[in-house]
Amino acid sequence: MSMTGSPAQLQLQLHGQTHKCLQQQRRRQLTPSRGGSKVITQAQLTAERPASSSQVEIDWDTLGFGLQHVGQTMYVAHYDPTTGAWEGSLKPYGPLELYPSAQALNYGQAVFEGMKAQRSAKGRIVLFRPEQNAERMEAGAARLSMVGLPKDLFVDAVKQTVAANKDFVPPQGKGSLYLRPLLFGSGPILGLGPAPYYSFVVYCAAVGPYFKTGQLSPIDLIVETQFHRAAPGGMGGTKCAGNYSPVLVTQLAAKKEGYSDVVYLDAKSDTYLEEVSSCNIFCVKGKTIKTPPLQGTILPGVTRRSIIELAQQRGYTVEETPVTIDEAMEADELFTTGTAVVVCAVGSLTYRGERKQFGTPGEPGKVALELYEALTGLQQEKADDPFGWVVPVL
């Protein structure tokens, strides 16, 4: 095909050819129904998998947090700008086709989520507040000028991924199926601008505790005094991919010194706690629990929000307010929250060479343990769910 016209017209023609080529590839891969999620039968999945999930052999007692036991099936969807519709289906877990000029690789249009599916005391496989993750991804996409994903498609894709990988869900109390929904600009672009189209993926893995010390073992944190995780008016309140690798320089240095992770301070005054590298933080004094407020620099964690509501229900006064480093060093307890870490007690906090030990070494604080048990009891359906947070899959 010959191309004529101005440079701008040539670029549009070239983009159109590229988009048409990719669409043809996707139709061969997905053959989806227009504008929705195509449900693949179990027989089709079994035929496509390198091995049936029923043959999975996992030592549930030694699970760590990683990709050692990745699910064999993922969900993949693509946004078609010509129809304004998402088309997606389940596929065997494997590499994605992507141009080196993909927007996400060059300019960073990428947001992700972290979720878990668990086996409950009622014999079901359940999710926890998946609509909250869908809403947070939608907000992150808007901040990055991306095409958002409909909430019902997000939740349906997650449920399909869980159902297809049900044999990777550990027995109750042995771990969980960690889910990673990922939305990114897959369309090619040279100049700075939004991607011409987007892709959405959900993959999963069977996991155990996030920290190597174990789920209930307190962690040792150090306060970072040189670098900041986020600044006012920036991206700290979104779960964009670019927020995470910058913390590695401080996190890796801290781990070499024997710490589990790093606490970041506010960028304006270096006075107030913000959050840990990948989780929110809470400060306990008596019956009052404080946590930094959502002002655009910290992530609006789903677990954070749930712990606030659970603590209030249990009679604690919860304040979303700035917490100074001095308050933290004088607190009765500190603990962190997040999908991966759940609720994790802080054993010690070190600031400018001064180390504060919280409680008995090696044992979680009373409040952290109480809220951990309340949250996990609800998530695993050991306790009643008056909030309607638990969503069954199977």
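Side chains included, hydrogens not; waters and symmetry mates left out as well; all remaining heavy atoms used.
Checking side-chain atoms of T324 against main-chain N and O of E327 turns up a donor-acceptor pair under 3.5 Å. E319 places no side-chain N or O within 3.5 Å of a backbone atom of T288 that could act as its donor or acceptor partner. Looking only at distances, a side-chain donor or acceptor of N280 sits under 3.5 Å from a matching main-chain atom of L299. Formation of a donor-acceptor pair under 3.5 Å by the N106 side chain with backbone atoms of A102 is found in this model. Of the possible donor and acceptor atoms, none in the side chain of N243 sits under 3.5 Å from a partner among the backbone N and O of K239. Checking side-chain atoms of R119 against main-chain N and O of V169 turns up a donor-acceptor pair under 3.5 Å. A donor-acceptor pair is defined here as one N or O able to donate and one able to accept, closer than 3.5 Å; no such pair exists between the side chain of K255 and the backbone of T250.
Side-chain contact of T297 with E274: a donor-acceptor pair under 3.5 Å is present, judged by distance alone. A donor-acceptor contact closer than 3.5 angstrom is absent between the side chains of D266 and H228. A donor-acceptor pair shorter than 3.5 Å can be found between the side chains of D80 and T82.
Residues A141 and V111 share a closest heavy-atom pair of N-CG1, 4.3 Å. Contact detail for P218 and P364: the closest heavy-atom pair is CG-N, 3.8 Å.
Other residues, nucleotides and ligands place no more than 12 heavy atoms under 6.0 Å from the NZ atom of K366. Residue D384 qualifies as open at atom CG: its count of foreign heavy atoms under 6.0 Å is 12 or below. For NZ of K159, the number of neighbouring non-hydrogen atoms (other residues, nucleotides, ligands) closer than 6.0 Å is 12 at most.
Through direct or relayed side-chain contacts under 4.5 Å between Ile, Leu, Val, Met, Phe, Trp and Tyr, L294 connects to I298. Counting Ile, Leu, Val, Met, Phe, Trp and Tyr side chains that sit under 4.5 Å apart, directly or through other members, Y272 stands alone, with no cluster partners.
The only option from Q251, E224, R229 that meets the side chain to side chain contact (heavy atoms under 4.5 Å, CB included) definition with S277 turns out to be Q251.
How far CD1 of I125 is from CG of D167: 8.0 Å, rounded to the nearest 0.5 Å. We find the CG-CD1 distance between L371 and I308 to be 11.0 Å, quoted to the nearest 0.5 Å. Put simply, CG on N165 and CD on Q160 are 11.5 Å apart, with the number rounded to the nearest 0.5 Å. Note that CG of L105 and CG of L98 are 5.0 Å apart. Values are rounded to the nearest 0.5 Å. To the nearest 0.5 angstrom, F168 atom CZ is 8.5 Å from L177 atom CG.
Follow the hydrophobic side-chain contacts under 4.5 Å out from F282 and you never reach V323; the two are in separate clusters. At a threshold of 4.5 Å between side-chain heavy atoms, the hydrophobic network of Ile, Leu, Val, Met, Phe, Trp and Tyr places Y93 and V76 in one connected group. Note on V158 and Y198: same hydrophobic cluster, where clusters join Ile, Leu, Val, Met, Phe, Trp and Tyr whose side-chain heavy atoms are under 4.5 Å apart, directly or indirectly. If you chain together hydrophobic residues whose side chains sit under 4.5 Å apart, V262 and V249 never meet in one group. With hydrophobic clusters built from ILVMFWY side chains whose heavy atoms lie under 4.5 angstrom apart, L369 shares a cluster with L310.
A salt bridge is absent between E333 and K290; no separation between the charged side-chain nitrogens and carboxylate oxygens falls under 4.0 Å. A salt bridge does not link K151 to E138: none of the charged nitrogens lies less than 4.0 Å from a carboxylate oxygen. Salt bridge absent: E275 and R304 never bring a charged side-chain N and a carboxylate O closer than 4.0 Å. Contact check on E113 versus R136 returns a salt bridge, with a Lys/Arg side-chain nitrogen under 4.0 Å from an Asp/Glu carboxylate oxygen.
You'll find the side chain of L375 reaches within 4.5 Å of the side chain of S306, heavy atoms only. Looking at Q379 and D385, their side chains never come closer than 4.5 Å, going by heavy atoms from C-beta outward. Residues L63 and V207 fail the side-chain proximity criterion, which asks for heavy atoms closer than 4.5 Å. The shortest distance between side-chain heavy atoms of T161 and T73 does not fall below 4.5 Å. With a 4.5 Å cut-off on side-chain heavy atoms, P130 and M115 count as touching. P196 has its side chain within reach of P188: a pair of non-hydrogen atoms, C-beta onward, lies under 4.5 Å apart. For the pair L144 and T238, the minimum side-chain heavy-atom distance is 4.5 Å or more. Under the 4.5 Å side-chain criterion, counting only non-hydrogen atoms from C-beta, D270 is not in contact with T225.
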query = After noting the C-alpha distance and the side-chain angles of V202 and M74, does the key distance pass the side chain to side chain contact (heavy atoms under 4.5 Å, CB included) rule?
reply = CA-CA 6 Å; V202 185; M74 62 182 181; over 6 Å; no

ask   = Could you go step by step and tell me if K382 and Q172 meet the side chain to side chain contact (heavy atoms under 4.5 Å, CB included) rule?
value = CA-CA 10 Å; K382 294 179 181 178; Q172 186 192 352; 2.9 Å; yes

task = Could you please spell out the steps behind the salt bridge (charged side-chain N to carboxylate O under 4.0 Å, His left out) verdict for R305 and E309?
result = CA-CA 6 Å; R305 180 172 176 176; E309 295 181 53; 3.7 Å; yes

query = Is there a side chain to side chain contact (heavy atoms under 4.5 Å, CB included) between V126 and V393 once you walk through the steps?
reply = CA-CA 5 Å; V126 298; V393 178; over 6 Å; no

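Considering only residues two or more places apart in sequence or on other chains, F65 meets the ring pair (Phe, Tyr, Trp, His ring centres under 6.0 Å) condition with Y178, Y210. Take L252 and apply the side chain to side chain contact (heavy atoms under 4.5 Å, CB included) test, not counting sequence neighbours, and it matches L248. With sequence neighbours excluded, the residues that form a side chain to side chain contact (heavy atoms under 4.5 Å, CB included) with T350 are I222, Y259, R355. Remark: Y264 engages no residue in a ring pair (Phe, Tyr, Trp, His ring centres under 6.0 Å) (not counting sequence neighbours). Residues satisfying the side chain to side chain contact (heavy atoms under 4.5 Å, CB included) test with A142, not counting sequence neighbours, are none. Remark: F358 pairs with no residue by the ring pair (Phe, Tyr, Trp, His ring centres under 6.0 Å) rule, at least two apart or across chains. A search for ring pair (Phe, Tyr, Trp, His ring centres under 6.0 Å) contacts involving F112 returns Y244, not counting sequence neighbours. Taking the side chain to side chain contact (heavy atoms under 4.5 Å, CB included) definition, one finds that S260 meets it with F211, I219, sequence neighbours left out.
Between F154 and F200, the angle of the ring planes lies from 30° to 60°, which puts this pair in the tilted group.
Sorted by first and then second residue, the ring-ring contact (aromatic ring centres under 6.0 Å, His included) pairs involving residues 120-147 (not counting sequence neighbours) are F128-W389.
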Scan the side chains in residues 334-346 for donor-acceptor partners under 3.5 Å anywhere in the protein, sequence neighbours excluded, and list what turns up.
unit_1 : atom_1 : unit_2 : atom_2 : d
T336   : OG1    : C344   : O      : 3.4
T339   : OG1    : G114   : O      : 3.3

